[in-house]
Amino acid sequence: MSKTNDAASVTFENVRKVYSDDFVAVDSFDATIDDGEFITVVGPSGSGKSTLLRMVAGLEEITGGDVRIGSESIKGVEPQDRGIAMVFQNYALYPHMTVRKNMSYGLKLTTELPDEEIKQRVRETAEMMGIEDQLDDKPANLSGGQQQRVATGRAIVRDPKIFLMDEPLSNLDAKLKVHMRTELQRLQEELGTTTIYVTHDQHEALTMSDRIIVLNEGELQQFAPPEEVYNEPANRFVADFIGSPAMNFFDVELHGTTLLGNGFEYELPSAIVDTISDTDATTGLELGIRPEDITYDASGDNTITAVVDVVEVAGSDNFIYLDIEGSECRVRVSGGLKPTVGDRVDIAFNPDDVHLFDASGENLLTGSSDTAVPQAQTESEKTT
Amino acid sequence: MAQSTQQTDADGSGLDRSKSMTREWIAGATFSLPYILIAGTFLFGPLVLALYMSLHDWNALAPAQSQFIGFENYQILLSDPDFWNALWNTLYFVFLTVPPIIIGSLLLALGVNRDVKGKWLLRTIFFSPYVLTVAVVGLLWTELFNASGLIPYHIGGGNWLTSPELAMPGIAIATIWWQLAFNFIILLAARQNVPDRLYEAAKLDGASTGQMMRHITIPQMRNPLVFVVIVTFVNSFQVFGQPFIMTNGGPTFSTTTIVLYLYETAFTGREFGYAAAVGYVLFMILIAISATNYYFLAGDDQ
């Protein structure tokens with residue numbers, strides 16, 4: 001399986017998946033994943049992210065559109081001939097086989113390699129994964145972390161063009177998860193294999209990937225690098241889904257350059273107001289501001305008065321829940337700051353950090369309303 | 001002893017441990033007592049008694065007057081042509097029933113596990129014979145094998161149960177129909193316990209349907225399969241009700257099985273000691289068969 005330059009790109013073209021009960025799992029999905037990229041697919045439960053992965057794997061039929069690996073359509077190609085390898089959420093290790101057999105099974109079935117070479121490759125991969133001492137054990141005798149390594153090793157040993165990972169870390173405890181996260185990243189960088197990684201964990205998405213695909217109800221919301229998804233969310237869904245604690249939202253109306261909310265006014269610089277893509281949208285808007293972009297206890301103009309409702313101590317940071325005339329506002333402050341509940345306080349934020357969404361959830365301040373594909377293309381141009 | 005433990009373990013945890021172990025032992029013994037009592041009365045007691053009987057010329061009316069004769073019953077047994085006939089008949093019956101019951105129930109279970117329409121109905125139909133008692137099954141099939149019954153009408157052969165060649169196959173067919181259900185349900189449950197993700201992984205590994213069957217399904221179902229094989233062997237070796245009701249061992253003793261022979265020796269011939277010896281020989285055969293099955297099928301990690 002030698003790799004040519006763009007052999008391991010994945011192109012989704014108007015992909016659609018409808019299950020037999022007419023449930024539309026994925027609809028009009030377009031994206032191009034470049035060779036060697038690490039892509040995470042995030043979204044809530046039922047957003048179609050696993051379905052997307054399983055269509056690439058060949059475990060689900062593609063109802064409409066096309067998926068290409070390199071320049072070849074994978075429609076009608078058997079899973080083992082697609083050049084993919086998958087790491088399953090529950091690892092799906094064969095319980096009755098040793099680690100060695102688990103790892104060599106696919107090679108034995110799909111390649112003409114002599115036993116000696118298969119043995120050699122399994123040994124090398126096991127060493128790379130740090131499980132060479134477990135080769136003769138059965139999966140049940142391994143710890144969760146070791147099982148995860150075996151599952152990953154089983155995928156690596158196949159030397160696939162594309163890794164598919166379906167929430168591979170979700171069964172690990174928090175500490176091991178962080179450790180395996182960096183380990184997977186390091187491996188992917190070493191191997192340079194195109195990876196599609198499905199997760200519901202936005203931290204994994206933000207920390208691991210070159211670009212993130214955000215899905216909701218089977219539709220692409222945004223396809224962009226982590227910083228862009230975080231700082232310039234395409235719509236309200238992405239803004240709300242990515243970031244923890246979540247972004248604050250306030251219903252506002254735009255009067256000239258003033259945002260009028262329930263119990264507060266906020267003045268936007270005219271330079272920003274001029275960039276609003278839809279000038280007719282003045283009512284039914286939502287102002288979005290991230291908890292860490294808010295200055296607690298501010299002074300001067302353009303501040304908002306609020307009452308401390310709840311103080312949540314989280315160690316290095318504290319989260320303060322404020323009440324602004326009935327709306328909740330979360331603020332992230334440093335760990336040393338512990339105000340008393342009931343205190344009145346002025347808060348402020350930089351207009352550059354403000355997000356503004358129209359009634360349909362579109363972000364009015366990103367400059368472009370049609371999001372994913374154009375951004376994806378410019379990004380790939382930058383990297384090549 | 002508690003004293004010395006306390007002295008060596010400064011914190012006294014040794015004493016606690018021995019105390020808790022005693023408590024654990026009492027709890028364990030209490031929980032297993034009902035089983036020990038019931039099994040002792042109805043299983044191990046008769047087992048020992050039967051061994052005792054088999055070494056005597058047993059007098060059923062006055063057991064105290066029974067004569068100890070050592071292994072004489074067993075010696076007679078070895079040269080008793082009726083016993084050998086019953087043993088061969090039983091082996092023939094085992095040969096006719098065990099493979100079809102196991103293979104048939106496995107195929108039915110795998111078939112019903114697939115996404116077929118009317119799965120629920122098929123499951124019910126396949127299981128329903130098992131709820132019948134042996135008497136009902138025997139009478140039902142006696143009617144079917146009757147000279148004017150359904151089977152001779154379609155297949156021929158006259159009354160199967162009065163033909164020395166067809167009587168045993170007839171009993172075997174009735175038994176297969178009856179006993180398939182139990183194994184079917186166990187194997188269906190076993191198949192449904194095999195996680196789908198293993199098949200998905202195997203599919204990506206390039207396994208064909210046959211390879212999935214050999215490398216995933218069968219190994220994953222191994223324990224229930226071993227159970228089913230052993231139970232089917234034991235049941236078939238112990239066959240009694242079907243020949244008792246359908247043929248009473250005939251014609252010309254062609255369907256007299258070991259247990260039927262045992263029954264007749266004991267309750268018609270009043271040879272209880274001899275019958276006990278027959279029972280013991282069957283018991284030894286079953287232990288040997290079960291151990292062999294277990295050894296060959298259960299594999300290394302059991």
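A note on names: the letters A, B, ... follow the listed sequences, proteins ahead of strands, and every chain is numbered from 1. Only a predicted model underlies this, so the values are computations on that prediction, with no experimental measurement involved.
- Here the side chain of T32(A) pairs no donor or acceptor atom with the backbone of T11(A) at under 3.5 angstrom.
- Side-chain contact between E37(A) and T195(A) is absent, with no heavy atoms from C-beta onward closer than 4.5 Å.
- The contact between F88(A) and chain B is made entirely by side chain atoms (from C-beta outward), counting heavy-atom distances below 4.5 Å.
- Counting only heavy atoms from C-beta outward, the side chains of V41(A) and T199(A) never approach each other to under 4.5 Å.
- Ranked by heavy-atom pairs under 4.5 Å with chain B, the list I84(A), L107(A), L93(A), L59(A) is led by L59(A).
- The structure places CD of Q146(A) at 8.0 Å from CG of D137(A), a figure rounded to the nearest 0.5 Å.
- Neither the backbone nor the side chain of D81(A) has a heavy atom closer than 4.5 Å to any heavy atom of chain B.
- Contacts between R54(A) and chain B at a heavy-atom distance below 4.5 Å involve the side chain alone, from C-beta outward.
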